[in-house]
> 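Pasting a structure here, questions to come.
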Amino acid sequence: MEENSRGISPRRSKRSTVHKIAAANEPNLFDALPDDLVVSVLCKLSSSAASSSDFINALLTCKRFKRLGFHQLVLSNVGSKVLAVKAKNWSDSVHRFLIHCVNAGNVEACYTLGMIRFYSLQNRGSGMSLMAKAAVKSYAPALYSLAVIQFNGSGGSRTDKDLQAGVALCARAAFLGHVDALRELGHCFQDGYGIRQNITAGRRLLMQANTRELASLLKSLVKQQPNHHHHHLGLNYEQFNCISGSGCSSMSNEPASEGHPVNVFLKEWFELGLGEMGEGLRLCSHKGCGRPETRAHEFRRCSACGTVHYCSRGCQALDWKLRHKLECVRGAGVREGDDRDAV
């Protein structure tokens with residue numbers, strides 16, 4: 001068989017050309033799919049993706065995915081894991097993406113961007129407006145965060161505190177099952193803070209908070225050990241301590257995790273020095289919180305040692321149980337929550 005100057009036989013070259021023409025004439029089944037179906041698939045992806053990079057990489061697969069990935073329905077379904085951004089990766093493009101999600105009606109994005117603007121970017125008005133938009137749609141974390149702002153008068157002076165408004169917001173979040181709100185409201189009832197004192201009601205709310213936290217933790221442990229039922233869930237000594245509340249560092253608003261992603265963002269933002277807090281201002285001492293003071297002496301302190309400061313009673317009581325009671329000068333003989341005191 002003769003070959004041309006490039007070493008390719010005429011017959012093989014002709015066969016290859018025929019195959020290319022045939023392939024070009026074949027219908028593209030993906031392009032034939034209706035947009036509604038593709039949008040539905042992308043909605044599922046945006047709500048279930050494990051990270052923002054997974055979602056973005058999927059959109060970069062083809063031009064159609066990239067175009068439909070910014071459909072209002074897709075952006076409105078973007079989940080917390082996709083919206084979870086590292087403070088070191090904050091940029092104008094990330095900010096714009098959050099704005100797109102907010103404009104699409106994404107409640108999680110409203111809360112996330114609201115917290116970032118209020119605390120990190122110090123745009124108090126816009127931040128509260130975005131959190132309020134999420135709160136109106138009964139998003140419990142937004143209700144609770146607005147309650148903390150009202151209790152502290154954050155972004156203003158001490159006279160801007162509104163304890164009654166804080167209690168009302170906290171009660172709404174507690175009704176929706178928010179663990180930190182249940183705990184906060186329980187302490188409000190016990191101390192008569194912003195509401196008439198009712199020790200019995202306070203204890204009941206604190207028990208509900210602990211029960212919900214324990215149930216979530218057990219559920220998490222079952223998911224982690226699905227094949228150990230014959231060993232009674234395979235709980236070891238460390239996990240028993242975690243369940244009994246005697247040394248677990250992971251019991252927070254999101255059991256077996258570090259809390260809401262935006263709290264992690266706030267903590268990293270200020271610890272990395274990406275935002276200025278102002279002289280004498282401090283972060284909440286509960287490691288899963290990340291909220292900073294917006295004015296001097298805004299947060300409450302431990303009345304025994306005076307070395308730790310908290311944005312809320314909920315953070316104070318939780319940090320006492322997890323860490324501070326082992327460090328405080330009062331020692332382990334003090335009841336949980338006894339160290340609460342205003343500056």
> Looking at Gly153 and Arg295, what are the two nearest heavy atoms and their distance?
O-NH1, 2.9 Å
> Is a side-chain N or O of Asn106 found less than 3.5 angstrom from the main chain of Val78, in a donor-acceptor match?
yes
> Can you measure from CG (Leu169) to CG (Leu185) and round to the nearest 0.5 angstrom?
11.5 Å
> So, do Glu184 and Cys315 sit near enough that their side-chain heavy atoms are less than 4.5 Å apart?
no
> Are the side chain of Asn152 and the backbone N or O of Cys311 linked by a donor-acceptor pair below 3.5 Å?
yes
> Heavy atoms only: give me the nearest Ala49-Val82 pair and the separation to one decimal.
CB-CG2, 3.7 Å
> Strictly by modelled atom types, are Arg301 and His309 linked by a side-chain donor-acceptor pair under 3.5 Å?
no
> Between Glu293 (side chain) and Phe299 (backbone), is there a donor-acceptor pair under 3.5 Å?
yes
> Taking all non-hydrogen atoms of both residues, which atom of Ala50 and which atom of Asp54 are closest, and how far apart?
CB-OD2, 3.7 Å
> Please collect all side chain to side chain donor-acceptor pair (under 3.5 Å) contacts where either partner lies in residues 71-89, sequence neighbours excluded, each pair once.
none
> Main chain of Val308, side chain of Ser285: is a donor-acceptor contact present, judged purely on distance under 3.5 Å?
no
> So, for Met277 and Pro292, which heavy atoms are closest and what is the spacing to 0.1 Å?
CE-CB, 3.7 Å
> Using modelled atom types and a 3.5 Å cut-off, is there a donor and acceptor pairing between side-chain atoms of Gln197 and backbone atoms of Gln190?
yes
> Taking distance alone, no hydrogens or angles, what donor-acceptor pairs closer than 3.5 Å link side-chain atoms of residues 124-148 to residues at least two apart or in another chain?
| from | atom 1 | to | atom 2 | distance (Å) |
| --- | --- | --- | --- | --- |
| Arg124 | NH1 | Phe118 | O | 2.4 |
| Ser126 | OG | Arg117 | NH1 | 2.7 |
| Ser138 | OG | Arg172 | NH2 | 3.0 |
| Tyr139 | OH | Glu108 | OE1 | 2.5 |
| Tyr139 | OH | Glu108 | OE2 | 3.1 |
| Tyr139 | OH | His260 | NE2 | 3.4 |
| Tyr144 | OH | Ser312 | OG | 3.3 |
| Ser145 | OG | Tyr111 | OH | 2.8 |
| Ser145 | OG | Pro141 | O | 3.1 |
| Ser145 | OG | Arg291 | NH2 | 2.8 |

> In sequence, state the C-alpha distance, the side-chain angles, and the governing distance for His286 and Tyr310, and then conclude on ring pair (Phe, Tyr, Trp, His ring centres under 6.0 Å).
CA-CA 7 Å; His286 173 39; Tyr310 302 99; 7.8 Å; no
> What class does the angle between the rings of Phe265 and Trp90 fall in, given that below 30° is parallel, 30 to 60° is tilted and above 60° is perpendicular?
perpendicular
> Any Lys/Arg nitrogen of Arg183 or Glu213 sitting under 4.0 Å from an Asp/Glu carboxylate oxygen of the other?
yes
> Between Asp160 and Ser157 (side chain of the first, backbone of the second, donor and acceptor by atom type, cut-off under 3.5 Å), is there such a pair?
yes
> Run the salt-bridge test on Asp319 and Lys287 with the 4.0 Å N-O cut-off and return the result as yes or no.
no
> What pairs of donor and acceptor atoms, side-chain ones from residues 268-275 against any protein atom, are under 3.5 angstrom apart with sequence neighbours left out?
| from | atom 1 | to | atom 2 | distance (Å) |
| --- | --- | --- | --- | --- |
| Glu268 | OE1 | Ala87 | N | 3.3 |
| Glu271 | OE1 | Lys267 | NZ | 3.4 |
| Glu271 | OE2 | Lys267 | NZ | 2.7 |

> Does the side chain of Arg64 reach to within under 4.5 Å of the side chain of Asp35, using non-hydrogen atoms?
yes
> Minimum heavy-atom separation for Ser51 to Ser53, with atom names?
OG-OG, 2.9 Å
> Is the Lys NZ or Arg CZ of Arg300 less than 6.0 Å from the centre of Tyr193's six-membered ring, within 45° of the axis?
yes
> Which heavy atom in Leu59 sits nearest to a heavy atom in Phe65, and how many Å separate them?
CD2-O, 3.4 Å
> Is Ser52 reaching over with its side chain to a backbone N or O of Leu83, donor-acceptor style, under 3.5 angstrom?
no
> Side-chain contact test, heavy atoms from C-beta onward, threshold under 4.5 Å: evaluate it for Phe151 versus Cys188 and give yes or no.
yes
> Flag yes if more than 12 heavy atoms outside Arg203 fall under 6.0 Å of its CZ atom; otherwise flag no.
no
> Give, for atom CG of Leu163 and atom SG of Cys170, the distance between the pair rounded to the nearest 0.5 Å.
12.0 Å
> State, yes or no, whether a side-chain contact exists between Leu42 and Val39 at a heavy-atom distance under 4.5 Å.
no
> Does His95 reach the side chain of Leu121, with side-chain heavy atoms less than 4.5 Å apart?
yes
> Distance check, rounded to the nearest 0.5 Å: Cys302 atom SG versus Lys325 atom NZ?
14.0 Å
